[in-house]
Amino acid sequence: MNNGEGGDERELTFDTIPRRTVLKATGGGVGLSLGTGSVAAASGERTVEQVGIKNYVDPVFGFAAMGPNPCASGDDSCLERFPEQIRPSALIGMHIGIPGLLFGVAESGVPSDQTTATINAAVADGSLSGDQLPGGAVTVGGDRVPIRAIAGALVDTVGFHFDPAGLLVSPGDLVLFNAASPDHGVAAFHEQHGRQNRVPDGVGPLSSPLVPVGGFWIAHFETEGVYDLYCPPHGVFGMVVRVVVWDGDVPDLSVENTGRPPEEENALPSILAGLDPNVPSSAEALESEALDPANIVSRGEVGWHEVVEEHRAG
Ligand SMILES: [Cu+2]
């Protein structure tokens, strides 16, 4: 399985981007085939520049593709390998920061509520206070694992996350969302997703497909303002990201209470056999100082680890 670490050396051109039909208003909605660096229409050949970026990157559904993905390794220089017409200005990775040991514990089960409670108490502040831990071991997947190792894995957990978690771009920029691990997607907090509106007025309900490992999704950020986005499978585990589109003053975060707000609780313990990593909920992440729009504007990008550290310090 491609774990997203190996990169992809194949050249990315319009010939290697999966062919697709793009419906365009001109020519009475004829299908335009994207695949050769030019677009064949009933009226003749058109260049990418003539057709314009909006025909490649939908304002709501963006542009999704499987490989070749120059950014499978997560290296920023990979962006230069995208065709100029759809070259993103920045990369956001979609990650699972949960040690495999904890998934093993979740499958095997910890032996008692008392042990779970003790481990949780010992790691509650995000560091490990070992004198609170029992010295024994539990069986995980057939192996004996020290309680201390489980507690250490819990402290290392940063959960499901986007990285960077805060990003500044300019109006008109494209942003690449890279699937470093499976089962992620991107959606805007928007009333048409049943959520609070947390995107600039007039912006649609941005929505990616579920992005497979090795695939990518590109979003087009045209309107100045603050965009709060979540991963649909993992929003309940705190997986959110804030993109600030700036062209002058720091934009205001506008929130209309049109639907469900970001989650107040992080549901990770429910899938980790009751073990409780000290990671922020969606609401806590979006209310953090690290993701304050002014901080994102001054910093350019803010890493997820900063959001977690602020949460633990608080
Ligand atoms: Cu996710």
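As the structure is a prediction and not an experimental result, all values here were calculated from the model. Each ligand, and each atom within it, is numbered from 1 in the order the structure gives.
Under 3.5 Å, the side chains of Ser281 and Glu284 contain a donor-acceptor pair of N or O atoms.
Using the six-membered ring where Trp is involved, Trp217 and Phe177 have ring planes that are tilted, between 30° and 60° apart.
Aromatic rings from Phe216 and Phe82 are positioned such that their centres are separated by under 6.0 Å.
Residue contact annotation: Met94 places no N/O/S atom under 2.8 Å from the Cu ion (ligand 1).
As for His234, its N/O/S atom nearest the Cu ion (ligand 1) is the one called ND1. Nearest N/O/S atom of His184 relative to the Cu ion (ligand 1): this is ND1.
The angle subtended at the Cu ion (ligand 1) by SG of Cys231 and SD of Met239 is 110°, given to the nearest 10°.
Arg242 forms no cation-pi arrangement with Tyr227, by the criterion of a distance under 6.0 Å to the ring centre and an angle within 45° of the ring axis.
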